[in-house]
Amino acid sequence: MTAPASLESPVPAAAGRPRILLLGGGFVGLLTARHLLKQLKPGEAQVVVVDPRPYMTYQPFLPEVAGGSIEARHVVVSLRQALKGADVVTGAVVGMDPARKVVFVQPQEGEQVEITYDQVVIGLGAVSRTFPIPGLMEQAIGFKSVEEATACRDHILDRLDAAAVMTDPAAKKRALTFVFVGGGYAGIEAMAELEDLVRASVKNHSGISQDEINFVVVEALGRILPEVGPEMGLWSLHQLRERGIDIRLDTQLKSIVDGHAVLSDGTEFDTDTVVWTAGIKSNPVLANTGLPLDKLGRLTVRADLRVAGEDGVVEGAWGAGDACAVPDLTKEPGQFCPPNAQHAVRESKVLAANLVATLRGEGLTDYRHKYIGTVASFGIGKGVANTFGFKVKGFPAWMMHRAYHLYAMPTLDRKLRIGLNWLVSGMGLTRDMVAIGRQTRPREDFVAAGAKPPAPRPVGDPAPSKS
Ligand SMILES: Cc1cc2nc3c(=O)[nH]c(=O)nc-3n(C[C@H](O)[C@H](O)[C@H](O)COP(=O)(O)OP(=O)(O)OC[C@H]3O[C@@H](n4cnc5c(N)ncnc54)[C@H](O)[C@@H]3O)c2cc1C
């Protein structure tokens, strides 16, 4: 790709030390860097992490952030605090030139910069996979970041507050209809946590009754939760339907212009809320890296996690996590590891060990991990799990979900904050129902303080025209 105008490096050169540059500070970036910092001898290499966010997000906890069981800041880990000894660059990778071993980075402000490397790790993750559905880009929100999870929660609680004083039945129905597109574990967990939150919150609203709440899941295939297997997927479907959730299988969202939903089964209704959780695709910025990609846009890597094209490996380039097609050596040839944290965590360990081995001229290890299964939470005290072939339902599955993810959450600080939060919430049996949606409009009160207050109007009096 074309070199940017300004090429000053934001990272001080480390004389004589090879530079390991990690692109993305998510699961792969953070964990690989931590392993490296533990294993490298003093002065053996410089570790640099680039990410537009100064924090790593523990995505498996996003549904609980939306549901109010975990505080949003507790599911993110400060890269600078967690990676003492590494350099952290806050900026977005926009491309690279593997022949020159440079990466082009757009900082938050100013012109693009160039960072050179000896070894580069691609851990750029995945983004929401969308389709050209009329109105989708204007109406929907994804569920991949802590910002999106918090916004979903605040928006839904805001709709309850608004609906509670609505006198127009059609407007009220629209405000209380919540649509989720996609029935994989991320989408179902997010929907179920939010439905649980809404049911609990409605108890405190005198203007809304439970039977006015309408949660709709639109799933293109004939099943939900493929990750827990057919039997547990079917059990989950029945459980969620019993809760009154309208799950439409073999159905697609055709249009959502101005909040008017049209489904492929002919149903039409209005909604203020569309959450898009219908799958992911590899980070599109990979197309600007000059590295070999497969038909799905994933970086092709070997089992030892070196980037590989048809002509052999790309010198000094490595990849892992959702951005990459990592061969699954526990299955027949041609199969790849599914994009999940379970693999990303374990790949990071092998990746760091292989980077250190490369610096020391030692042999490489292949990544091999047999998938241990999935745990999913559907709201407080509810869940499903299928791990090591053991199928668990309800409360025990929910406890397994919490225990596993608390164990896997990086840093002791975050584990303690989340664990204590659960304890304070009455052994985890209540949730926080406050939404501070106004924090996205913090100047509103200050501006209003300097303006004339609006005059009261008798009922039926038309609002004065703005012209
Ligand atoms: C709601 C939800 C629930 C989930 N639940 C589970 C679960 O229960 N179990 C499980 O195993 N997995 C779960 N996952 C999947 C899991 O979180 C991912 O597989 C995992 O995060 C992948 O790690 P990664 O490092 O490849 O990508 P990520 O963790 O997504 O990290 C990618 C990083 O790259 C950064 N980045 C993006 N673009 C750029 C750029 N241009 N330049 C620099 N940096 C960039 C991002 O900011 C991010 O920090 C869930 C995901 C979601 C969304």
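Remember, it's 1-based here, ligands and their atoms both numbered in the order they're listed.
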Nearest non-hydrogen protein atom, [atom]:
{"atom": "atom 7 (C) of ligand 1", "answer": "Tyr185 CE1, 3.5 Å"}
{"atom": "atom 41 (N) of ligand 1", "answer": "Val93 O, 3.0 Å"}
{"atom": "atom 43 (C) of ligand 1", "answer": "Pro52 CD, 3.4 Å"}
{"atom": "atom 35 (C) of ligand 1", "answer": "Asp51 OD2, 3.0 Å"}
{"atom": "atom 26 (O) of ligand 1", "answer": "Asp322 N, 2.8 Å"}
{"atom": "atom 3 (C) of ligand 1", "answer": "Gln59 O, 3.5 Å"}
{"atom": "atom 23 (O) of ligand 1", "answer": "Phe27 CB, 3.4 Å"}
{"atom": "atom 16 (C) of ligand 1", "answer": "Ala341 N, 3.6 Å"}

Heavy atom of [X] under 4.0 Å from ligand 1?
{"X": "Ala190", "result": "no"}
{"X": "His405", "result": "yes"}
{"X": "Leu23", "result": "no"}
{"X": "Arg53", "result": "yes"}

[X] side chain to [Y] side chain, donor-acceptor N/O pair below 3.5 angstrom:
{"X": "Glu189", "Y": "His401", "value": "yes"}
{"X": "Thr90", "Y": "Arg80", "value": "yes"}
{"X": "Gln342", "Y": "His369", "value": "yes"}
{"X": "Gln59", "Y": "Lys144", "value": "yes"}
{"X": "Arg17", "Y": "Gln46", "value": "no"}

Between Phe180 and Phe215, what is the ring plane arrangement, given parallel below 30°, perpendicular above 60°, and tilted in between?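 Rings of Phe180 and Phe215: parallel, under 30°.
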Between Trp422 and Phe61, how do the two ring planes meet: parallel, tilted or perpendicular, split at 30° and 60°?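 The arrangement is perpendicular - the two ring planes meet at more than 60°.
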Below 4.0 Å, non-hydrogen atoms only: which portion of Val105 touches ligand 1? Side chain, backbone, both or neither.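 Under 4.0 Å from ligand 1, Val105 contributes no heavy atoms.
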